[in-house]
Chemist: 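Questions regarding the structure given below will be posed in turn.
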Amino acid sequence: MNFNFNIYTLVDITNTGAKRNQDPRAYKQYQNYLTVLQTIGLRVNPTVNTNPTLVANYPKFGSAFKGTQRVWKLPIEIEYEAATNLDILINDFDFVPFIPNLTESVTFDTCVFRTTDPNFKNIVFEIDDK
């Protein structure tokens with residue numbers, strides 16, 4: 001049975017596919033996207049059927065991020081449901097570094113994914129039960 005979940009983040013994880021010698025911003029966006037996939041990939045092989053998209057404001061981030069923000073959504077599918085869960089993802093992503101100052105609408109005090117701090121949470125995971 002498959003395990004489907006969505007990642008919502010304030011960090012620019014646009015899948016540009018850019019190489020190092022191409023546009024520097026596009027390259028950094030792609031590196032953030034790969035960081036997300038590689039962090040999940042430490043435990044399981046994720047399947048990505050769609051690229052990250054910008055979605056309407058998502059209210060479940062830390063209290064430091066008020067107002068309307070740019071939010072990226074990335075749907076992920078895992079083939080084996082028992083291979084991971086939301087608690088594991090929250091633990092694995094906490095303090096993983098990312099590249100800031102791309103097209104985000106917020107400024108980060110620290111350039112790491114924060115999953116547990118109620119004030120500075122910048123990435124959220126939700127089960128997609130569709």
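If you read the sequence from its start, that first residue is 1, and numbering goes on from there. Note that the structure is predicted; figures quoted are calculated from it, not measured.
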Chemist: Would Leu102 and Leu54 show up in the same hydrophobic cluster when neighbours are defined by side-chain heavy atoms closer than 4.5 Å?
Modeler: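 Leu102 does not cluster with Leu54.
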
Chemist: Is Ile123 reachable from Ile88 through a run of I, L, V, M, F, W or Y residues, each pair having side-chain heavy atoms under 4.5 Å apart?
Modeler: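 No: no chain of side-chain contacts under 4.5 Å links Ile88 to Ile123.
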
Chemist: What is the distance from atom OH of Tyr58 to atom OG1 of Thr9, rounded to the nearest 0.5 Å?
Modeler: 11.5 Å

Chemist: Does the side chain of Phe61 come within less than 4.5 Å of Val71's, by heavy atoms?
Modeler: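 Result yes, sub-4.5 Å side-chain heavy-atom pair found.
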
Chemist: Please report the interatomic distance CD(Glu79) to CG(Asn4), rounded to the nearest 0.5 Å.
Modeler: 11.0 Å

Chemist: Got a second to check how far Asn32's CG is from Glu104's CD, nearest 0.5 Å?
Modeler: 7.0 Å

Chemist: Which atoms form the tightest heavy-atom contact between Pro100 and Cys111, and what is the distance?
Modeler: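 Where Pro100 meets Cys111 most closely, the heavy atoms are CG-SG, 3.2 Å.
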
Chemist: So which atom in Lys66 and which in Ser63 form the shortest heavy-atom distance, rounded to 0.1 Å?
Modeler: CE-O, 3.1 Å

Chemist: Would you check if the side chain of Ser105 reaches a backbone N or O of Arg70 as a donor-acceptor pair within less than 3.5 Å?
Modeler: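 Checking the backbone N and O of Arg70 against the side chain of Ser105, a donor-acceptor pair under 3.5 Å is found.
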
Chemist: Using a 3.5 Å distance criterion without hydrogens, assess whether the side chain of Thr14 forms a donor-acceptor pair with backbone atoms of Thr16.
Modeler: no

Chemist: Determine the minimum heavy-atom distance between Glu77 and Asn2, stating which atoms define it.
Modeler: OE2-ND2, 2.6 Å

Chemist: Less than 4.5 Å apart, side chain to side chain, heavy atoms only: is that true for Val48 and Ile76?
Modeler: yes

Chemist: According to the interplanar angle, ranging from 0 to 90°, do the rings of Phe98 and Phe108 count as parallel (below 30°), tilted (30 to 60°) or perpendicular (above 60°)?
Modeler: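 Taking Phe108 first and then Phe98, their aromatic rings stand perpendicular (interplane angle over 60°).
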
Chemist: Rounded to the nearest 0.5 Å, how far does OG1 of Thr39 lie from CG of Asp94?
Modeler: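 Rounded to the nearest 0.5 Å, the CG-OG1 separation comes to 11.5 Å.
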
Chemist: Any side-chain to backbone donor/acceptor pair from Asn6 onto Glu126? Under 3.5 Å, distance only.
Modeler: no

Chemist: I want to check something: taking the side chain as every heavy atom from C-beta on, are Tyr27 and Arg20 in contact at a cut-off of under 4.5 Å?
Modeler: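 Contact flag for Tyr27/Arg20 side chains = yes.
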
Chemist: Considering only heavy atoms from C-beta outward, does the side chain of Trp72 approach that of Val11 to under 4.5 Å?
Modeler: no

Chemist: Check whether any side-chain N or O of Asp117 sits under 3.5 Å from a backbone N or O of Asn122 as a donor-acceptor pair, and report yes or no.
Modeler: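 Side chain of Asp117 to backbone of Asn122: no pair is present.
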
Chemist: Is it true that Thr103 and Asp12 share a donor-acceptor pair across their side chains at a distance under 3.5 Å?
Modeler: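 On atom types as modelled, these side chains qualify, holding a pair under 3.5 Å.
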
Chemist: Would you say Ile13 and Leu37 are hydrophobically clustered, going by side-chain heavy atoms of ILVMFWY under 4.5 Å?
Modeler: yes

Chemist: Can you tell me how far apart NZ (Lys121) and OG1 (Thr116) are? Round to the nearest 0.5 Å.
Modeler: 8.0 Å

Chemist: So how far is it from Asn85 CG to Phe5 CZ, rounded to the nearest 0.5 Å?
Modeler: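 Going from CG on Asn85 over to CZ on Phe5, the span is 10.0 Å.
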
Chemist: Quick one: sort the Tyr30 and Tyr33 rings into parallel, tilted or perpendicular, breaks at 30° and 60°.
Modeler: parallel

Chemist: Ile99, Leu74: one ILVMFWY side-chain cluster at the under-4.5 Å cut-off?
Modeler: no

Chemist: Please answer: with hydrophobic residues joined when any side-chain heavy atoms are less than 4.5 Å apart, are Phe95 and Phe65 in the same cluster?
Modeler: no

Chemist: Do Phe93 and Ile40 have side chains that approach each other closer than 4.5 Å (heavy atoms only, starting at C-beta)?
Modeler: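 When only atoms from C-beta onward are counted, Ile40 and Phe93 do touch, with a gap below 4.5 Å.
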
Chemist: Going by distance alone, is a donor N or O of one side chain under 3.5 Å from an acceptor N or O of the other, for Asn15 and Asn51?
Modeler: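 Yes, Asn51 and Asn15 have a side-chain donor paired with an acceptor closer than 3.5 Å.
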
